[in-house]
Colleague: 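Structure provided below as structure tokens; questions to follow.
Heavy atoms only: backbone and side chains are in, while hydrogens, waters and symmetry mates are out. Note that the numbering runs from 1 along the sequence shown for the chain.
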Amino acid sequence: QVQLVESGGGLVQAGGSLRLSCTASGRAFSSYVMGWFRQAPGKEREFVAAISWSGGTTRYADSVKGRFTISRDNANNTMYLQMNSLKPEDTAVYYCNLRLGFRVITTPGNYWGQGTQVTVST
């Protein structure tokens, strides 16, 4: 099995920044895509960003383009989400996701972290 552990969430004022981390452990796979999803209260979970195994391909939701940057460090099995210019509407629980294979798409894979809360105040 795979374990995904997020960290880095917290409370920040609008316009501020946070960096989320997700560390994977357990079963090793030859290739997988990693991504971030978020769920605000009363809303469905939605795609935020994803990154290929090599890190050469990334994909973002329109709502975060230009503000968020996804990256990964395969040597340390860790993925990051740098979030700048945060808005109150970014408030949500952010989940790390792992999808087997090569396709960088908005559909999540089967492996999830426990989530980390991000709250952006006005």
Colleague: I'd like a table of donor-acceptor pairs (distance under 3.5 Å, sequence neighbours excluded) in which one partner is a side-chain atom from residues 84-91, with atom names and distances.
Modeller:
| from | atom 1 | to | atom 2 | distance (Å) |
| --- | --- | --- | --- | --- |
| Asn84 | OD1 | Ser17 | OG | 2.9 |
| Asn84 | OD1 | Gln82 | NE2 | 2.9 |
| Asp90 | OD1 | Arg38 | NH1 | 2.9 |
| Asp90 | OD1 | Arg67 | NH2 | 3.0 |
| Asp90 | OD2 | Arg67 | NH1 | 2.8 |
| Asp90 | OD2 | Arg67 | NH2 | 3.4 |
| Asp90 | OD2 | Lys87 | N | 2.8 |
| Thr91 | OG1 | Pro88 | O | 2.9 |
| Thr91 | OG1 | Val120 | N | 2.9 |
| Thr91 | OG1 | Val120 | O | 3.4 |

Colleague: Work out which heavy atom in Cys96 is nearest to a heavy atom in Met79; give both atom names and the distance.
Modeller: SG-CE, 3.6 Å
Colleague: Enumerate donor-acceptor pairs with a distance under 3.5 Å from any side-chain N or O in residues 104-114 to protein atoms, sequence neighbours excluded.
Modeller:
| from | atom 1 | to | atom 2 | distance (Å) |
| --- | --- | --- | --- | --- |
| Gln114 | NE2 | Glu6 | O | 3.4 |
| Gln114 | NE2 | Glu6 | OE1 | 3.3 |

Colleague: For residues 18-25, run the donor-acceptor check on the side chains, cut-off 3.5 Å, and write out each pair with its distance to 0.1 Å, sequence neighbours left out.
Modeller:
| from | atom 1 | to | atom 2 | distance (Å) |
| --- | --- | --- | --- | --- |
| Thr23 | OG1 | Thr78 | OG1 | 3.3 |

Colleague: Please name all residues satisfying side-chain contact (heavy atoms from CB on, under 4.5 Å) with Lys65, sequence neighbours left out, ordered by chain then number.
Modeller: Tyr60, Asp62
Colleague: Sequence neighbours excluded, which residues qualify as side-chain hydrogen bond (donor to acceptor under 3.5 Å, both in side chains) partners of Thr57?
Modeller: none
Colleague: Is there any disulfide (SG to SG under 2.5 Å) pair reaching into residues 32-67, and which pairs are they, with sequence neighbours excluded?
Modeller: none
Colleague: With sequence neighbours left out, which residue pairs that include part of residues 30-71 fulfil the disulfide (SG to SG under 2.5 Å) condition?
Modeller: none
Colleague: Which residues satisfy the ring pair (Phe, Tyr, Trp, His ring centres under 6.0 Å) test with Phe47, sequence neighbours excluded?
Modeller: Phe37
Colleague: Listing request: all ring-ring contact (aromatic ring centres under 6.0 Å, His included) pairs with a residue in residues 67-105, at least two apart in sequence or in separate chains.
Modeller: none
Colleague: How would you list, by chain and number, every residue that makes a ring pair (Phe, Tyr, Trp, His ring centres under 6.0 Å) with Tyr32, sequence neighbours excluded?
Modeller: Trp53
Colleague: Quick one, Val33 and Arg103 - any side-chain contact, counting heavy atoms below 4.5 Å?
Modeller: no
Colleague: Would you mind listing every disulfide (SG to SG under 2.5 Å) that reaches into residues 53-93, with sequence neighbours excluded?
Modeller: none
Colleague: What pairs with Arg72 under side-chain hydrogen bond (donor to acceptor under 3.5 Å, both in side chains), at least two apart in sequence or on another chain?
Modeller: Asn74
